[in-house]
Amino acid sequence: MQDFLKDRYDPQKIEVAVQKDWHDREVFKVTEDPSREKFYCLSMFPYPSGRLHMGHVRNYTIGDVISRYHRMNGKNVMQPMGWDAFGLPAENAAIENGTHPAAWTKENIAYMRDQLKRLGFGYDWSREFATCDPDYYRWEQWFFTKLYEQGLVYRKTAAVNWDPVDKTVLANEQVIDGRGWRSGALVERKEIPQWFLKITEYAEELLSELDTMDEWPAAVKTMQRNWIGKSEGLALKFSIENEGGELEVFTTRPDTIFGASYMAVAPEHPIAVQAAKNNSDLLTFLEVCKSQSTSEALVEKMEKKGMPLDLYAIHPMTGERIPIWVANFVLMTYGTGAVMAVPAHDQRDWEFAKKYGLPIRQVIQTEDDSVLVNDLGAVSGYGVTVNSGEYSGLAFDKAYESICSHLELKKLGHRQVQYRLRDWLVSRQRYWGCPIPIMYDDEGKEIAVAGDVLPVLLPKDVNLDGSPSPLSKASDFLNVALPDGRTARRETDTFDTFFESSWYFSRFCCPDQSTKMLDERANYWMPVDIYIGGIEHAVLHLLYARFFHKAMRDAGLVTSSEPFKRLLTQGMVCKETYFRDGENGRKKYFSPEQVEVELDAKGRPVSALLKEDQLAVNIGPVEKMSKSKNNGVDPQALIDTYGADTVRLYTMFAAPPEHTLEWSDSAVEGSSRFLKSLWRLILDHKAENSFSTTKPSAVTSDELLGLRRHIHQAIVKVTDDISRRYKFNTAIAAIMELVNHLARFDSHESATHAIRQEGFEVVVRLLAPFVPHVSQILWNGLGQSGDLIDVSWPIEDKSALELDILELVVQVNGRKRALVKVPVAATKKECEEVGLADENVARFTIGQTVKKIIVVPGKLINIVVGD
RNA sequence: GCCUGGGUGGCGGAAUUGGUAGACGCAACGGACUUAAAAUCCGUCGGCUUAACGGCCGUGCCGGUUCGAUUCCGGCCCUAGGCACCA
């Protein structure tokens, strides 16, 4: 590498040169090496939307810092990159601009790949692939047919959002205020046959394995546990009066059964549908329910409504007639689609009962609520049964046991484990996705496509005009001749794009394998040692990927049970917003560059003007960078202005990885300033041209020992922050502190030069993961040769950390009153004496009795006094 | 509505196991250098109070545990993410 450490710091020049060198020598290309510890570092691959956004930059910088750190610690590090290339935006772009999704995607990938390279991420580009490559998706088609053979795949009807004008299925995102985003038509709920994967077969393992995943954030594990939603309870049957049928429900509270005063079923429940056949009011109600969204969030926020079915169930304990209602809040997708309502002890049942005047009967008495006040709401806690016939007066466990046993004996119920988790609906009625490898013969019987004729290629030549399913009109694709001479019709649905992202990490281990889905290399690299990505994936993507990996394990494709050893969830990147109220009630947003902000004396923003017309604009909240809020910062512009190192340094310094990061242009300036000043300090240091024979460990002056202690303390701190705490902001702060110490040390003797040389060599190595380009140049500038990426991470000299004198805080009754110096070896008693002797401490202890003295070794002395 | 986080100076954040609240940086202000500006360097920087030493208050709000609470517990407010077809 050429000697760049001359005159001015020019990031563009050095970064491009360093990157070219890495590329020419394939520095980041790796192979399996059983002699070294492997480290598989993975960042969630991007959807190729067009350009990188700041969220990508942040995500990939975190991954690159961790990768480079582990490589400097001697591990065999693999860091791959690829593209989650199927999805809705490509189809939308196709409809809007007339570009083909394949071409649009390819172009975006090319641009974004260049951006990633310009940011200096150490990826093994030889492993790159896009999920829309047939070489990739053929294997997921193959695996789908394996799962089909094993009975883990099935077809049944499920609801979709149907746009009656465009005659197409809409994603939840495409439904705005109940209307299709393009047509504006009221969206309907429609039941169509779709493909499902039996993730519920793995519910128990997906749940229990979480207990062993101690390197995952507790919040993510809790979210997954609640999503899987295991509950134990009683499945019981209520017979229906006259009709002779039965209504099955599930309850976790059999102890409240005597309080069941009505039943509620989902609008799609067969008995509701049946009852509506000769009841036009009921039919109308069911139709209204049908127009409601498929989104659970919206269903739960709706006003709770219902209608009686004019049917009665027989209470299995009391023989009482209880009315059956249909209710819009009962979900057909959970349990049996029917519930027994106990309004006294369930808040939602209570509200519904109040609204429709249904009886509320208290059957549980909690310790602190001897009387149930009906007007305040349900009492959902546990307690002792009352008004429950022969089962009255029992504690929860006893009541649960005896009621379950009684109903089991009478064959009216059985204990059951129930999960909230539903099977994974993988069918999508879209073009730009992986075709589902299924055919239907003339009788409509399904046939899985044989493995040796895969892939089922997604045809390129289709008509994309926004009308329904292009694949159903592509006759070359649609019609197939079977080997036995019969003809068949292909499935026209494609896979959910979560299908592709559920196993890409395994394929990165052996992307060139052309005869198998995976090979032995996957077992060398898997599991991923650290997986980094947005918190928004906490449940869906991460749960699907865990399930998929277990299914692959059971098919003998991998040996590990969990795909991701550690998970690091990254916060969003935000920026302030500026807007004016538009005519149609919608806000018009202005980008921060268009706005001039006026600050008060304290630096608080007080008002903002649009530069263009010098009139006021409103200052909005700080929100996630997005096109709609017009508050995005283009990483490319920053790279062009400051260089990749500054952008990387700022994104790591501004906040810990899990936090949302609030973007500040002036703070970016600060990171740039730090690199410039470090450059100048090392340039000046080099110019001293001092020859020193002093060994750093041999210095004796207090000042130099102190300086050297700062150097080795920084090594300890930064190492711990990167490897254990994943707190890159404090790691960088510690490096900045060390640089400040080195810069302010006002001596230029040869011994000082030697310590400074040691200090800068440490600083440059500690900075290498964050700002790899400038670090490489400074490393060479300090007289060292070779690739910094393969230089060992510094190790602290323990003797440099030793101290003789400690500072202790002295508190009186928990309030800080003094700082005292004591020898390291001081006993507890000696510390107490020094503390009590302090003048300011004495002001607060005089005339008081010392009741107790607490000494926390190395930290503080707390003197507790009183009268 | 349900599940899960978060709330600390003007701002981003620090305080790692209950032990000095505000590290590091930004902004702001004062000064040096300069014909001037930029850049750079030095200093101040939570509020109130004091001549000074120091003192009092202060980590969203209310209450509790403790010698000691940003940290633990209970309740509340605000805010972000997810809720199964955005990825």
Side-chain angles (χ1 to χ4, degrees), chain A residues 44 46-47 49 84 87-89 160-161 169-175 217-220 222-223 225-227 229 294-302 304 329 333 347-348 421-422 424-425 427-430 496-498 501 534-541 543-544 569 571-572 574 599-605 621 623-624 650 653-656 658-671 673-674 676-677 680 720-721 724-725 727 729-730 732-737 740 807-816 819 839-840 843 851-854 856 859-860 862-865:
Chain A
M44 289 181 185
Y47 177 78
S49 54
D84 188 15
L88 209 45
V160 292
N161 300 308
V169 175
L170 299 177
N172 282 339
E173 187 190 55
Q174 297 172 312
V175 181
V220 173
T222 309
M223 279 191 263
R225 276 189 196 105
N226 290 330
W227 185 266
T294 59
S295 144
E296 191 176 320
L298 295 176
V299 172
E300 292 280 350
K301 265 184 243 163
M302 279 181 330
K304 310 284 177 279
F329 62 85
T333 45
Q347 186 60 22
R348 203 157 57 171
L421 181 69
R422 312 203 292 257
W424 179 9
L425 197 173
S427 302
R428 295 291 181 271
Q429 296 71 40
R430 313 210 192 288
D496 176 4
T497 57
F498 277 130
S501 57
I535 182 70
E536 66 273 20
H537 295 291
V539 177
L540 289 180
H541 162 59
L543 194 64
Y544 291 143
T569 50
M572 296 176 308
C574 302
L599 303 177
D600 69 7
K602 289 213 161 159
R604 271 181 294 231
E623 294 191 71
K624 180 178 177 176
Y650 172 69
F653 179 56
E658 298 88 347
H659 277 216
T660 52
L661 186 162
E662 207 176 304
W663 193 266
S664 152
D665 289 320
S666 55
V668 179
E669 195 83 49
S671 293
R673 199 143 57 209
F674 170 72
K676 277 186 210 161
S677 89
R680 205 173 36 249
D720 186 51
D721 278 352
R724 182 180 66 86
R725 300 178 68 214
K727 295 266 187 196
N729 55 329
T730 51
I732 293 167
I735 300 170
M736 287 175 169
E737 252 182 301
N740 289 343
E807 264 198 343
L808 292 185
V809 170
V810 189
Q811 296 182 333
V812 178
N813 289 346
R815 312 189 61 130
K816 180 183 158 193
L819 272 174
E839 206 177 303
N840 201 45
R843 288 176 51 200
K851 289 181 167 169
K852 150 158 103 161
I853 302 180
I854 293 152
V856 181
K859 290 232 163 112
L860 62 70
N862 188 13
I863 302 162
V864 184
V865 298

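Here the structure is a predicted model, which is why all the values come from computation and not from measurement. All values below were derived from every heavy atom in this structure, side-chain atoms included, with hydrogens, water molecules and symmetry-related copies excluded.
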Choosing from B:rC24, B:rA21, B:rC26, which nucleotide comes nearest the side chain of A:K816? B:rA21

What's A:V668 touching, base or sugar-phosphate or nothing? Going by heavy atoms closer than 4.0 Å. nothing

Is the glycosidic torsion of B:rG9 within 90° of 0, making it syn, or is it anti? syn

Scan A:A171 against the nucleic acid and name what it touches under 4.0 Å (heavy atoms): base, sugar-phosphate only, or nothing. base

In whole angstrom, what separates A:L819's CG from B:rU20's P? 11 Å

Nearest 0.5 Å please: distance from the NE2 atom of A:H541 over to the OG1 atom of A:T497. 10.5 Å

Answer with yes or no whether A:R724 presents, from its side chain, a donor or acceptor under 3.5 Å of a partner atom in the base of B:rU16. yes

With sugar-phosphate meaning primed atoms plus P, OP1 and OP2, does A:W227 contact a base, only sugar-phosphate, or nothing at under 4.0 Å between heavy atoms? base

In whole angstroms, how far is the C1' atom of B:rA15 from the CG atom of A:N729? 12 Å

Nearest of B:rG13, B:rU20, B:rU4 to any side-chain atom of A:T222? B:rU4

Nucleotide-level pairing of RNA chain B, given in dot-bracket where Watson-Crick and G-U pairs need both distances under 3.5 Å and | marks other strands: (((((((..(((......[....))).(((((.......))))).((((....))))..(((((..]....))))))))))))....

Describe, in one word, how the ring planes of A:Y544 and A:W424 are oriented to each other, choosing from parallel (under 30°), tilted (30 to 60°) and perpendicular (over 60°). parallel

What's A:R348 touching, base or sugar-phosphate or nothing? Going by heavy atoms closer than 4.0 Å. nothing

Report which part of the nucleic acid A:N740 touches: base, sugar-phosphate, or nothing (heavy-atom distance under 4.0 Å, all strands). sugar-phosphate

With a 4.0 Å cut-off on heavy atoms, is A:A297 in touch with a base, just the backbone sugar-phosphate, or nothing at all? base

Separation of the C1' atoms in B:rC33 and B:rC45, to the nearest angstrom: 23 Å

Taking any heavy-atom pair under 4.0 Å as a contact, classify A:V220: base, sugar-phosphate, or nothing. nothing

Atom CZ of A:R225 and atom P of B:rG5: how far apart are they, to the nearest Å? 11 Å

For atom P, what is the distance between B:rU40 and B:rG55, given to the nearest Å? 39 Å

Atom-pair distance (CZ on A:F653; P on B:rA14), nearest Å: 10 Å

Which is true for A:V856 with a 4.0 Å heavy-atom rule: it touches a base, it touches only sugar-phosphate, or it touches nothing? base

Considering every strand and a 4.0 Å limit on heavy-atom distances, what is the contact class for A:S671: base, sugar-phosphate, or nothing? nothing

Whole-Å distance separating the CD atom of A:E737 from the P atom of B:rG13: 19 Å

Value in whole Å for how far the C1' atom of B:rC53 lies from CZ of A:R843: 8 Å

So what does A:F498 touch, heavy atoms closer than 4.0 Å: a base, only the sugar-phosphate, or nothing? base

Quick check for you: among B:rA84, B:rU16, B:rA14, whose closest atom lies nearest to any side-chain atom of A:D720? B:rU16

Any N/O pairs under 3.5 Å between the protein and nucleotides 71-81 of chain B? List them or say none.
none

Distance between C1' atoms of B:rC61 and B:rG10 (Å, rounded): 23 Å

Give me the distance, rounded to whole Å, that separates B:rA27 from B:rC11 when you measure between the P atoms they each carry. 15 Å

Nearest-angstrom distance from the residue atom CD of A:E658 to C1' of B:rG13: 14 Å

For a quick check of understanding: with a heavy-atom distance under 4.0 Å over all strands, which category does A:P217 fall into, base, sugar-phosphate or nothing? nothing

Output one line per pair: protein atom, nucleotide atom from nucleotides 67-69 of chain B, and distance, for all N/O pairs under 3.5 Å.
{"from": "B:rC67", "atom 1": "O2", "to": "A:N862", "atom 2": "ND2", "distance (Å)": "2.3"}

What integer distance in Å separates A:N226:CG from B:rA84:P? 16 Å

Side chain of A:A733 (C-beta onward), nearest among B:rC24, B:rG1, B:rC11: B:rC24

Which part of the nucleic acid, if any, lies within contact of A:K859, taking any heavy atom under 4.0 Å across all strands shown: a base, the sugar-phosphate backbone alone, or nothing? sugar-phosphate

